[in-house]
Amino acid sequence: MNIEKILPFAKNLLNKAVKPGDAVVDATVGNGYDTVFLAELVGESGQVFGFDIQEEAIVASKERLKQQCLSERVTIFHSGHEHLSHLIPDIYHGKVSGTIFNLGYLPGSDKTIVTRPETTIAAIQQLLEIMTPEGIIVLVVYHGHKGGAEERDCLLAYCQQIDQHTAHVLQYQFINQQNNPAFIIAIEKI
Ligand code: SAM
C-alpha cells in the first residue's frame, strides 16, 4: 500500500516538527509506547512531559522507559492533560514542539476510563498557548468505543472553528474502511 497508514503518518508529522533537545508532550501515556518514541526523538538533551490519570499506565510506562534507559529525559505526571499548563514548568512555555494524544481507553484495561471531549479540548487550548510556532499536535482519534463518537464530534466541531491565522488543522482519514477506523487530526501552530 502506497498511501501512508494512520500511525506512520502520525509519527512522520512528529518527526518533522521535533528536533533533538526539544520539549514535547505525550498527553495520553497509556502503556508508554508513544512516550518511548518521543523520548528517542528528543534525544539525551530533550524533555518529554507525559500525562495519564491511571496509576496502572504510570507504572507500566515508567517500567518501559527504565528498561530502555530513557527515564532521565521523561517526566510523567499522574494527572489529567487538562492541567498541563500548570504542571509543565514555565521555562518550557513557548518551546514545546510536538504533542501526541491517543484518544480512547487503555488497551487491555478498564474500557470505561476514556478520554473525554471537555478535557481533551481544554488540553489543546493550553497547548496552543505553550507550543512554539510550527509545533504540531497530533490526535489519533479512536471513536468506536462508548463515548467515542461524542468525543469525535465535539473535537471536530472545535477544531473546525480554530482561526486559520492561529493554526493549520488537518484531518487524515480512510473513508471506506469498516468498523470506525482511527483517524488523525493534526494541528500546527502558526
Ligand atoms: N499512547 C498510549 C500507548 O502508547 O499505550 C495509549 C493511550 S490510551 C488509548 C488512552 C489513555 O488516556 C489511557 O491510558 C487513559 O488512562 C488516558 N487518559 C484518559 N483521560 C485522560 C486525561 N484527562 N489526561 C491524561 N490521560 C488520560
Side-chain angles (χ1 to χ4, degrees), residues 5-15 17-18 23-42 48-68 70-71 73-88 96 98-131 136-155 158-159 172-173 179-187:
K5 291 185 181 169
I6 294 298
L7 297 182
F9 186 81
K11 287 189 170 176
N12 270 338
L13 286 174
L14 291 166
N15 250 316
V18 177
V24 297
V25 173
D26 184 350
T28 53
V29 163
N31 288 314
Y33 294 106
D34 292 324
T35 326
V36 166
F37 168 71
L38 289 174
E40 285 170 344
L41 263 192
V42 298
V48 182
F49 297 103
F51 296 84
D52 206 293
I53 54 171
Q54 293 193 70
E55 177 76 28
E56 188 186 338
I58 307 287
V59 171
S61 54
K62 282 192 173 167
E63 183 55 33
R64 189 176 307 286
L65 290 159
K66 193 171 148 199
Q67 279 168 10
Q68 305 204 29
L70 294 167
S71 306
R73 60 187 90 162
V74 181
T75 306
I76 296 185
F77 297 107
H78 186 181
S79 167
H81 41 230
E82 61 275 20
H83 305 297
L84 66 84
S85 67
H86 295 296
L87 293 171
I88 295 176
V96 175
T99 297
I100 190 155
F101 287 79
N102 262 270
L103 303 182
Y105 58 86
L106 181 62
S109 186
D110 185 346
K111 291 187 181 172
T112 64
I113 303 175
V114 292
T115 51
R116 306 221 173 258
E118 57 279 7
T119 47
T120 302
I121 290 169
I124 296 170
Q125 288 169 331
Q126 291 171 33
L127 285 163
L128 284 171
E129 296 292 324
I130 70 161
M131 288 186 74
I136 297 187
I137 305 168
V138 177
L139 296 119
V140 184
V141 185
Y142 293 91
H143 53 106
H145 57 282
K146 194 161 181 276
E150 185 203 351
E151 184 171 33
R152 174 199 65 207
D153 293 345
C154 290
L155 202 52
Y158 167 71
C159 289
Y172 184 76
Q173 179 173 23
N179 302 323
N180 308 306
F183 66 91
I184 285 179
I185 298 173
I187 304 171

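Just follow the structure's listing: the first ligand is 1, and inside any ligand the first atom is 1.
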For atom 4 (O) of ligand 1, what's the nearest protein heavy atom and its distance? Tyr33 N, 3.2 Å
Proximity of Ala27 to ligand 1 by residue part, where a heavy atom lies under 4.0 Å: backbone
Atom 23 (N) of ligand 1: nearest protein contact (heavy atom, Å): Glu82 OE1, 3.0 Å
Assess Val29 for proximity to ligand 1: is some non-hydrogen atom of it under 4.0 Å away? yes
For atom 11 (C) of ligand 1, what is the nearest protein heavy atom, given as residue, atom name and distance? Asp52 OD2, 3.6 Å
Parallel, tilted or perpendicular: which fits the ring planes of Phe77 and Phe49, with parallel below 30° and perpendicular above 60°? parallel
Measuring from the heavy atoms of Leu103, does anything fall under 4.0 Å of ligand 1? yes
Between Asn102 and Thr28, does any side-chain donor sit less than 3.5 Å from a side-chain acceptor? no
Apply the test side-chain hydrogen bond (donor to acceptor under 3.5 Å, both in side chains) to residues Gln125 and Glu129: give CA-CA distance (whole Å), side-chain angles for both, the deciding distance (0.1 Å), then the verdict. CA-CA 7 Å; Gln125 288 169 331; Glu129 296 292 324; over 6 Å; no
Please evaluate residues Lys62 and Ile76 with respect to the criterion side chain to side chain contact (heavy atoms under 4.5 Å, CB included), reporting the C-alpha separation (whole Å), side-chain torsions for both, the decisive distance (0.1 Å), and the verdict. CA-CA 8 Å; Lys62 282 192 173 167; Ile76 296 185; 4.2 Å; yes
Students should be able to answer this: which protein heavy-atom is nearest to atom 5 (O) of ligand 1, and at what distance? Asn31 N, 2.9 Å
Check whether any side-chain N or O of Glu151 sits under 3.5 Å from a backbone N or O of Leu103 as a donor-acceptor pair, and report yes or no. no
Check against side chain to side chain contact (heavy atoms under 4.5 Å, CB included), Leu41 and Val24: CA-CA 9 Å; Leu41 263 192; Val24 297; over 6 Å; no
Give the atom numbers and elements of ligand 1 that come within less than 4.0 Å of a heavy atom of Thr115. 12 (O), 18 (N), 19 (C), 20 (N)
Candidates Val138, Ile124, Val140, Asp34 - the one meeting side chain to side chain contact (heavy atoms under 4.5 Å, CB included) with Phe101: Ile124
If you define the side chain from C-beta out and look only at heavy atoms, does anything of His145 sit under 4.5 Å from Asn180? no
Which word best sums up how the rings of Tyr172 and Phe9 line up, parallel for under 30°, tilted for 30 to 60°, or perpendicular for over 60°? parallel
Please report which non-hydrogen protein atom sits nearest to atom 27 (C) of ligand 1, along with the residue it belongs to and the distance in Å to one decimal place. Ile53 CG1, 3.9 Å
Under 4.0 Å from one or more heavy atoms of Gly104, ligand 1 contributes atoms 10 (C)
So is Tyr142 touching ligand 1 or not, going by heavy atoms under 4.0 Å? no
What protein heavy atom sits nearest atom 10 (C) of ligand 1, and how far off is it? Asn102 O, 3.3 Å
By number and element, which atoms of ligand 1 are closer than 4.0 Å to a non-hydrogen atom of Asp34? 1 (N), 4 (O)
What protein heavy atom is closest to atom 7 (C) of ligand 1, reported as residue, atom name and distance in Å? Thr28 O, 3.4 Å
Which residue and non-hydrogen atom of the protein lie closest to atom 24 (N) of ligand 1, and at what distance in Å? His81 N, 2.8 Å
Would you check, one step at a time, whether the test side chain to side chain contact (heavy atoms under 4.5 Å, CB included) holds for Phe183 with Arg152? CA-CA 10 Å; Phe183 66 91; Arg152 174 199 65 207; 3.7 Å; yes
Atom indices of ligand 1, in the order listed, that fall short of 4.0 Å to a heavy atom of Tyr105: 8 (S), 9 (C)
